[in-house]
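Working notes, structure below.
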Protein chains: 2
Amino acid sequence: MRRDIFQAIADPTRRAIIALIALQAMTPNAIADHFESSRQAVSKHLKILTECELIKQEQKGREIFYKLEVEKMKEIDIWLEQFRKIWESRFEQLDALLLTLKNAKK
Amino acid sequence: MRRDIFQAIADPTRRAIIALIALQAMTPNAIADHFESSRQAVSKHLKILTECELIKQEQKGREIFYKLEVEKMKEIDIWLEQFRKIWESRFEQLDALLLTLKNAKK
DNA sequence: TATATGTGCAACTATTTGGTTTCACAAAGT
DNA sequence: ACTTTGTGAAACCAAATAGTTGCACATATA
């Protein structure tokens with residue numbers, strides 16, 4: 001039952017949770033209020049997100065606030081890096097082409 | 001059976017396939033050679049990736065070359081944007097703090 | 001034409017997933 | 001002390017997932 005970040009963000013509800021608590025830490029009940037499914041279902045999502053360290057807990061009395069570990073999100077960014085290189089090089093190629101056409105016009 | 005990009009990249013084999021064909025288009029058999037699982041299993045992954053338009057087919061005789069649609073990968077980048085703002089703003093805050101400390105020293 | 005090759009699809013299976021209901025337990029309020 | 005509130009964990013369930021094997025079919029090659 002090992003989970004990675006990519007599996008964690010695969011579920012739309014979990015992505016919504018991440019976006020929700022990105023701005024401010026929230027309790028499970030507060031989070032669950034934003035969704036159709038039960039608090040327990042949300043709680044399971046929180047557990048999965050916690051397991052892969054995308055979110056962290058902050059206990060305050062009997063309430064637990066979950067907050068996003070935005071640094072962890074960078075791992076997705078790092079993975080994207082290899083493809084960013086490709087699509088950026090395509091832009092450069094396009095730029096070069098446009099430049100050539102422009103010069104040819106002269 | 002609707003799939004989105006995030007679900008598509010959730011599977012490690014599919015991420016490996018994406019990375020593999022990012023550099024050059026490949027046939028299913030050539031791709032399958034890189035993995036433990038059967039050609040049919042790889043073929044199913046290719047189908048899923050095709051369905052959400054992360055890859056495209058190019059027929060050449062009886063061979064089909066699959067190539068990455070790198071533009072589609074940008075959708076992940078776009079989703080990340082909202083979090084990038086947060087982690088960049090943290091850097092700015094840190095910069096500001098360091099600047100304050102530096103000025104205080106003077 | 002007969003055979004080999006490259007590929008997709010259907011059927012079946014074990015495992016994983018996301019959800020629900022029920023329970024346990026600690027902290028706060030009465 | 002009793003009740004309410006906030007939470008996690010266990011048991012169970014339907015659906016989805018990733019894999020396999022077997023088959024069909026078109027395109028090359030002998």
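Each chain gets a letter, A, B and so on, in the order the sequences are listed, and its residues count up from 1.
Heavy-atom nearest nucleotides on DNA chain C were determined for B:R62 and for B:K44, and the one closer to the 5' end corresponds to B:R62. Of the residues near DNA chain C, B:K47 and A:E36, the one whose nearest nucleotide (by heavy atom distance) lies more toward the 5' end is B:K47.
Residue A:R3 has a polar side-chain atom (N or O) positioned under 4.0 Å from OP1 or OP2 of C:dT17. Close to C:dG8, at under 4.0 Å from its OP1 or OP2, lies no side-chain N or O of B:R39. The phosphate of C:dG19 (OP1 or OP2) has no side-chain N or O of A:S38 nearer than 4.0 angstrom. Taking 4.0 angstrom as the limit, B:S43 places a side-chain polar atom (N or O) nearer than this to OP1 or OP2 of C:dG8. Regarding contacts with the backbone of D:dT5, every side-chain N or O of A:N29 stays at 4.0 angstrom or more from both OP1 and OP2. Under 4.0 angstrom from either OP1 or OP2 of D:dT7 there lies at least one side-chain N or O belonging to A:T27. When the side-chain nitrogen and oxygen atoms of A:Q7 are compared with OP1 and OP2 of C:dT17, one or more of them lie within a distance under 4.0 Å. Between A:Y66 and the phosphate of D:dG8, there is a side-chain N or O to OP1/OP2 separation shorter than 4.0 Å. Under 4.0 angstrom from either OP1 or OP2 of D:dG19 there lies at least one side-chain N or O belonging to B:H45.
In this structure, of C:dC9, C:dT20, C:dT7, it is C:dC9 that holds the atom nearest to the side chain of B:Q40. Comparing D:dG6, C:dT20, D:dT20 against the side chain of B:A41 picks out D:dT20 as the nearest. You'll find that the side chain of B:P28 is closest to C:dT7, out of C:dT7, D:dG19, D:dG8.
More than 12 heavy atoms of other residues, nucleotides or ligands sit less than 6.0 Å from atom CD of A:E81.
Protein atom CG of B:L46 is 15 Å distant from nucleotide atom C1' of D:dG19, rounded to whole Å. Summarising the geometry, the separation between CD on A:E63 and P on C:dA26 is reported as 18 Å, rounded to the nearest angstrom. The interatomic distance linking A:R15 (CZ) with C:dG18 (C1') rounds to 15 Å, in whole Å. A:F65 places its CZ atom 12 Å from the P atom of D:dG8, with the value rounded to the nearest Å. Summarising the geometry, the separation between CD on A:Q59 and C1' on D:dT5 is reported as 14 Å, rounded to the nearest angstrom. Remark: P of C:dT17 and CD1 of A:I48 are 7 Å apart, rounded to the nearest angstrom. Whole-Å rounding puts the B:D4 CG to D:dA16 P distance at 15 Å. In this structure, the CZ atom of B:R14 is 8 Å from the P atom of D:dT17, given to the nearest Å.
Contact check for B:E69 versus B:L54: no side-chain heavy atoms found under the 4.5 Å cut-off. Counting only heavy atoms from C-beta outward, the side chains of B:M73 and A:I86 never approach each other to under 4.5 Å. Counting heavy atoms from C-beta outward, B:Q57 and B:F65 have side chains that stay 4.5 Å or more apart. Within the 4.5 Å cutoff, the side chain of B:W87 has heavy atoms near those of the A:D77 side chain.
The nearest pair of heavy atoms linking B:A32 to B:R39 is CB-CA, 3.8 Å.
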